*Asks:* 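Here you go, one structure.
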Number of protein chains: 2
Amino acid sequence: MPAKGGRYHHGDLRSALVDAAVDVIGERGVRGFSLAEASRRLGVTTAAPYRHFADRDELLAAVTARALRVFATMLASAADAADTPARRLAAMAGAYVRFAAQQRPLFDTIFSSGLDKSRYPELQRAWEPVDALLTVVLEVCDGDAVTAGALSDAVEACAHGHAMLFIDGDYGQGPEAVESAAAKAVAAAQALIAGRAALRPPG
Amino acid sequence: MPAKGGRYHHGDLRSALVDAAVDVIGERGVRGFSLAEASRRLGVTTAAPYRHFADRDELLAAVTARALRVFATMLASAADAADTPARRLAAMAGAYVRFAAQQRPLFDTIFSSGLDKSRYPELQRAWEPVDALLTVVLEVCDGDAVTAGALSDAVEACAHGHAMLFIDGDYGQGPEAVESAAAKAVAAAQALIAGRAALRPPG
DNA sequence: GTCTATATCCCGATAGAC
DNA sequence: GTCTATCGGGATATAGAC
């Protein structure tokens, strides 16, 4: 906590800036984020961040990396609580929606930052644990890689779509709407698993 | 066409501004859009738009309304080309993805403008034709409204998710990637239809 | 219906002091 | 490692002339 109007000397401005950025994004959206505003909230001048980040986008990348760690953790713990591969996959779809709802600034940052991912190797690395989690589909499909790839895409798309529709307010607001949306995502994943024969590419 | 540096007197600046806005959004994204830039491209001053729109957001709302009309048209013509309710639903999922790919500025505007929809009745009206198209699911489910509602949500979410993943570049670029992504959305819709029994809310 | 001119605000980024 | 000071740029929006 910086003293009001005082200087900020606790030596972890870098990390504090990431926190502040999340707050700003939560209130004003990704597009409303600015280095200046984050600095102001910490009681430092707008010049200070440049000791720790080359520019605005680099801070945004740091926020994204943190967001992806949280995301992967939520998906993993949902998967761990289920007892079959199919249930694990469905549970991750539900966790996907809950992450969007409960950590909306992080979700927005991951998917709407507008950052050119290829320019930030840090981000590509941060995505890997998330992608790895989707490999459970291989077990669901008994090692059939073609069907597994299709199922993986479909479940991911479906979970993402439910998350977006929830955020858009189509399912209402409040904790009960979150659970309702998550349940829809779980059910859709189960339906996709059940109907996965239709997913195989033509031919 | 405004003369270079000349005045703009053709009397349809309002409509021209919507066109220009689409161009700007196509090049810089929704968040890069500004009234000033759109004005500049038409050779008018930044004050001119205020004769036609109260503020920046009102122009953005006009763009969104136009985008929704195009969207509804694409979905409808895809549905018309299919011969069974189930195929119509699946065809709309494919058209959803194609719209995102072929009319990306419009898609972005609809889903990422950050506009508070409840404040623009014009937008709520513009959504109605799109929502109405999804009622084909009732036929797919033989009038079972509960399953139909769940199936409708699932297909919409899935199509939306595939569109987003395509835009994010996860499926590659180019016309062939578009068709691939659209095919995935169609297949996913079919899988959801096939597995729709799993979609019914618990109980 | 558009222009000129202007007021106001915010942002990113840098140089140099401490 | 942070501050002071500042530059340059771009946006929204308004007032008043034509």
Side-chain angles (χ1 to χ4, degrees), chain A residues 1-25 27-64 109 113-116 119-120, chain B residues 1-25 27-63 109 112-116 119-120:
Chain A
M1 321 291 164
K4 188 167 144 189
R7 298 195 179 175
Y8 194 89
H9 276 158
H10 69 18
D12 199 9
L13 179 58
R14 182 188 167 91
S15 158
L17 278 166
V18 176
D19 290 340
V22 173
D23 287 346
V24 174
I25 291 167
E27 291 169 26
R28 323 230 280 218
V30 187
R31 68 169 57 85
F33 160 76
S34 74
L35 258 188
E37 176 64 19
S39 306
R40 228 173 281 130
R41 297 193 180 203
L42 294 174
V44 299
T45 66
T46 63
Y50 291 90
R51 266 300 131 168
H52 304 276
F53 300 97
D55 55 28
R56 177 208 132 106
D57 283 355
E58 216 172 77
L59 170 52
L60 216 46
V63 175
T64 308
T109 304
S113 75
L115 235 54
D116 183 1
R119 294 191 50 192
Y120 295 89
Chain B
M1 318 300 158
K4 191 168 143 186
R7 300 192 176 177
Y8 194 91
H9 277 159
H10 69 18
D12 199 11
L13 180 58
R14 182 188 167 90
S15 157
L17 278 166
V18 176
D19 290 339
V22 173
D23 288 346
V24 174
I25 291 166
E27 292 170 26
R28 309 199 187 173
V30 188
R31 65 171 57 87
F33 160 76
S34 74
L35 258 188
E37 176 64 18
S39 307
R40 230 172 280 129
R41 298 196 179 201
L42 293 174
V44 298
T45 67
T46 63
Y50 290 90
R51 265 302 131 170
H52 304 276
F53 300 97
D55 55 27
R56 175 209 133 106
D57 282 356
E58 218 173 73
L59 170 52
L60 216 47
V63 175
T109 304
S112 311
S113 76
L115 236 54
D116 183 0
R119 294 191 50 194
Y120 295 89

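Every value quoted in this text rests on a predicted model; they were computed, and no experiment measured them.
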*Asks:* Would you mind reading off the distance between B/Phe53 atom CZ and D/dT12 atom P, rounded to a whole angstrom?
*Replies:* 13 Å

*Asks:* What nucleotide, of C/dT4, C/dT14, D/dT12, holds the atom closest to the side chain of B/Ala47?
*Replies:* C/dT4

*Asks:* Over how many whole Å does the gap from B/Arg31 atom CZ to D/dT12 atom P extend?
*Replies:* 16 Å

*Asks:* Which residue, A/Ala36 or A/Arg51, contacts DNA chain C at a nucleotide closer to its 5' end, judged by nearest heavy atom?
*Replies:*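 Nearer the 5' end of the strand: A/Ala36.
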
*Asks:* Looking only at atom types and distance, does a side-chain atom of B/Asp55 sit under 3.5 Å from a main-chain N or O of B/Glu58, one as donor and one as acceptor?
*Replies:* yes

*Asks:* If I take atom CZ in residue B/Arg56 and atom C1' in nucleotide D/dA13, what distance separates them, rounded to the nearest angstrom?
*Replies:*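 Value for this atom pair: 13 Å.
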
*Asks:* Does any part of the side chain of A/Leu59, heavy atoms only, come nearer than 4.5 Å to the side chain of A/Phe33, both counted from C-beta?
*Replies:* yes

*Asks:* Could you check whether any side-chain heavy atom of A/Asp116 comes within less than 4.5 Å of a side-chain heavy atom of A/Asp57, counting everything from C-beta outward?
*Replies:*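 Side chain of A/Asp116 against side chain of A/Asp57, heavy atoms only: no contact under 4.5 Å found.
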
*Asks:* Taking atom C1' of D/dG9 as reference, at what distance in whole Å does atom CG of A/Leu35 sit?
*Replies:* 16 Å

*Asks:* Please report the distance, rounded to the nearest Å, between CZ in A/Phe33 and P in C/dC10.
*Replies:* 17 Å

*Asks:* Nearest to the side chain of B/Leu13 - C/dC11, C/dT2, D/dG1?
*Replies:* C/dT2

*Asks:* For the side chain of A/Glu37, counting heavy atoms from C-beta on, which of C/dC11, D/dA11, C/dT2 is nearest?
*Replies:*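 For A/Glu37, the side-chain atoms sit closest to C/dC11.
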
*Asks:* Would you mind telling me which of D/dA11, D/dC3, C/dC3 lies closest to the side-chain atoms of B/Arg40?
*Replies:* D/dA11

*Asks:* With respect to the side chain of B/Tyr50, which nucleotide from D/dA13, D/dT2, C/dG12 is positioned closest?
*Replies:* D/dA13

*Asks:* Rounding to a whole Å, what distance do you find between A/Leu17:CG and C/dG12:P?
*Replies:* 12 Å

*Asks:* Using atom CG of A/Asp12 as one end and atom P of D/dT2 as the other, report the distance to the nearest whole Å.
*Replies:* 10 Å

*Asks:* In this structure, how many angstroms lie between the P atom of D/dA11 and the CG atom of B/Asp55, rounded?
*Replies:* 16 Å

*Asks:* Between A/Thr46 and A/Leu35, is any pair of side-chain heavy atoms under 4.5 Å apart?
*Replies:*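 They are not in contact (no side-chain heavy atoms under 4.5 Å apart), so the answer is no.
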
*Asks:* Below 4.5 Å, heavy atoms only, C-beta onward: do A/Leu13 and A/His52 meet side chain to side chain?
*Replies:* yes

*Asks:* Heavy atoms from C-beta onward define the side chain here; which of C/dT4, D/dA13, C/dA15 lies closest to that of B/Thr45?
*Replies:*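 Of all the options, the side chain of B/Thr45 is nearest to C/dT4.
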
